[in-house]
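Order of the sequence lines sets the chain letters (A, B, ...), proteins ahead of strands, with each chain counted from 1.
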Protein chains: 2
Amino acid sequence: MLKLTKKADYGLMALKYLAERPETAALSAKDIADAYGIPAQLLAKILQQLTRKGLLKSHAGMNGGYALAKSAGSISAYEVILAIDGPFFITSCTKGANGCELTPSCTIKEPLARVNETIAGVLKSISIQDLAEHEHQPGHAPEPKLVTLTI
Amino acid sequence: MLKLTKKADYGLMALKYLAERPETAALSAKDIADAYGIPAQLLAKILQQLTRKGLLKSHAGMNGGYALAKSAGSISAYEVILAIDGPFFITSCTKGANGCELTPSCTIKEPLARVNETIAGVLKSISIQDLAEHEHQPGHAPEPKLVTLTI
DNA sequence: TCAGTATACGACCAATTATGTCCGTGTTCA
DNA sequence: TGAACACGGACATAATTGGTCGTATACTGA
Ligand code: SF4
Ligand code: SF4
């Protein structure tokens, strides 16, 4: 419960990997998969999804592969998760048609919707660049981000 | 992905229901289940779990049922989710033994652990009382809570 | 031009998890 | 004593996730 799928996980890793290598023109799905031990075909599908959503640019043929479509700083973790796993909701209601059938009697969906928004906000405030920058030198103080939650 | 289980959902609803009725000595699982249309036996098991974790007090026999073990203000949504669904992690690693096998090569687990902490913080800052108070009068300004995220 | 390398995409399968039911046991009270 | 309740394990089923396969298509460079 409340767990990121591995697909989203893999997607984030791949984007981070690309963000760390801005000099290379393109990296193939296999290259990235091998670097981490991710199933190559699965990662390929994930990268294809990200391409369709406009987060990556793809290039077939020899020396082809994927490259970031935008700057690493302008891609948020939220976008990635959204692209891979679809709309982001922590509850089963709110997702259009097929929600849970006790939505009318439910009294906690509004508060939970706020929580949902807050978590989405957290995810939106994290960029691929944040992930890539992270592990560098010990002396760099990462700037804290603030998120507001109103029940 | 990143979705609350219905069990946790039901648990929160039940606790809120109890919090709104502090006068009654105890309410049976069936009472609460009927009020919302939740499967009674399933809710019963959830309430039993919450009892084992010390969030509820139970009383068998006629006119028995469940009551809050603590004040509604001192029970956080985090505790409830923890009691029902077990340890709270957004990633597959960090959960003791059986995590994902690419933990050593993974480069995003530290940042994600911070995100995990942040989300846990959000959940911890929400009490059952917050849920119960919510829908009252329109004029009451709910106080916003602040959560800090440091990548 | 053609072989090799790569993406694109849908169908399919296996493993896991979530959801819910059944049933027998023990407890309390009128 | 019996009705109404909690307790808890063992199922059964549905939904989701994680992963594979096969094939078509696109691009490159020798
Ligand atoms: S309606 Fe209530 S019970 Fe149903 S999914 Fe939404 S929050 Fe959960
Ligand atoms: S180790 Fe990395 S890939 Fe594996 S679960 Fe943790 S964050 Fe995800």
Side-chain angles (χ1 to χ4, degrees), chain A residues 1-11 13-14 24-34 36-53 56-67 69 81 84-87 89-92 95 98-102, chain B residues 1-11 14 18 24-34 36-53 56-67 69 81 84-87 89-92 95 98-102:
Chain A
M1 43 53 96
L2 227 13
K3 193 172 301 173
L4 233 50
T5 61
K6 288 208 170 181
K7 287 190 193 179
D9 227 0
Y10 295 163
M13 289 170 73
T24 58
L27 285 165
S28 76
K30 188 171 183 311
D31 289 339
I32 306 175
D34 286 351
Y36 291 114
I38 301 173
Q41 306 217 55
L42 181 54
L43 181 62
K45 293 182 61 162
I46 295 169
L47 298 180
Q48 285 162 29
Q49 281 187 281
L50 293 174
T51 304
R52 258 175 304 194
K53 300 287 181 173
L56 290 177
K57 279 179 303 188
S58 68
H59 191 214
M62 283 189 65
N63 301 327
Y66 299 89
I81 296 172
I84 296 176
D85 287 329
F89 293 121
I90 62 170
T91 53
S92 309
K95 64 168 178 178
N98 47 350
C100 98
E101 61 283 355
L102 36 94
Chain B
M1 43 52 98
L2 229 11
K3 193 172 300 172
L4 233 51
T5 61
K6 288 210 172 181
K7 285 191 196 178
D9 227 1
Y10 295 162
L18 288 170
T24 58
L27 285 165
S28 77
K30 187 172 184 312
D31 290 339
I32 305 175
D34 286 351
Y36 291 113
I38 301 172
Q41 304 218 54
L42 181 54
L43 181 61
K45 293 185 67 158
I46 295 169
L47 297 181
Q48 285 162 29
Q49 280 187 282
L50 293 174
T51 303
R52 258 174 301 190
K53 301 287 181 174
L56 289 177
K57 280 179 303 189
S58 66
H59 191 218
M62 285 192 63
N63 301 327
Y66 298 90
I81 295 173
I84 295 176
D85 287 327
F89 293 121
I90 64 170
T91 53
S92 309
K95 63 168 179 177
N98 47 351
C100 97
E101 61 283 355
L102 35 93

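For the pair B:Leu43 CG and C:dT19 C1', the computed distance is 13 Å after rounding to whole Å. Taking atom CG of B:Asp34 as the reference point, atom P of D:dC5 lies 10 Å away to the nearest angstrom. A:Lys3 has its NZ atom 7 Å from the P atom of C:dA18, to the nearest Å. Atom CD1 in A:Ile46 sits roughly 14 Å away from atom P in C:dA8 (whole-Å rounding). For the pair B:Lys30 NZ and D:dA3 P, the interatomic distance rounds to 16 Å; values are reported in whole Å. D:dT16 atom P lies 18 Å from atom CD1 of A:Ile84, rounded to whole Å. One atom, CD of B:Gln48, and another, C1' of C:dT25, lie 12 Å apart when rounded to the nearest Å. Separating the CG atom of B:Leu18 from the P atom of D:dA6 is a distance of 11 Å, rounded to the nearest angstrom.
Distances from the side chain of B:Thr5 to the nucleotides C:dA18, D:dT17, C:dA8 place C:dA18 closest.
Contact annotation for A:Ala44: no contact, since no heavy-atom pair falls under 4.0 Å across all strands.
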Practice task
For each nucleotide in nucleotides 19-30 of chain D, reading 5' to 3', give B when a protein heavy atom comes within less than 4.0 Å of its base, S when such contact involves only the sugar-phosphate, and - otherwise.
Solution key: BBB-----BB--
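The distance from the CG atom of B:Leu102 to the OH atom of A:Tyr10 is 5.0 Å, given to the nearest 0.5 Å. Atom CD1 of B:Ile90 sits about 5.5 Å away from atom CG of A:Leu4, to the nearest 0.5 Å. To the nearest 0.5 angstrom, A:Leu43 atom CG is 11.5 Å from A:Lys7 atom NZ. The distance from atom OG of A:Ser92 to atom NZ of B:Lys6, rounded to the nearest 0.5 Å, is 5.0 Å.
Contact annotation: B:Arg52 side-chain N/O to D:dC7 OP1/OP2 distance is not under 4.0 Å. A close approach under 4.0 Å does occur between a side-chain nitrogen or oxygen of A:Ser58 and OP1 or OP2 of C:dA8.
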Exercise for the section: List the steps, then state whether side chain to side chain contact (heavy atoms under 4.5 Å, CB included) holds for B:Leu18 with B:Thr24. Expected result: CA-CA 9 Å; B:Leu18 288 170; B:Thr24 58; 5.8 Å; no
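Residues passing the side chain to side chain donor-acceptor pair (under 3.5 Å) test with B:Lys30, sequence neighbours excluded: B:Asp34. In this structure, the side chain to side chain contact (heavy atoms under 4.5 Å, CB included) partners of B:Thr51, at least two apart in sequence or on a different chain, are B:Leu56, B:Ser58, B:Tyr66. Shown here are the side chain to side chain contact (heavy atoms under 4.5 Å, CB included) partners of A:Ala44, two or more places apart in sequence or in another chain: A:Ala29, A:Gln48.
Using a 4.5 Å heavy-atom cutoff, the side chains of B:Met1 and A:Ile81 are in contact.
Summary of helix geometry: the two end axes of the helix from C:dT1-D:dA30 to C:dA30-D:dT1, each defined by five base pairs via their C1' atoms, are inclined to each other by 10° (rounded to 10°).
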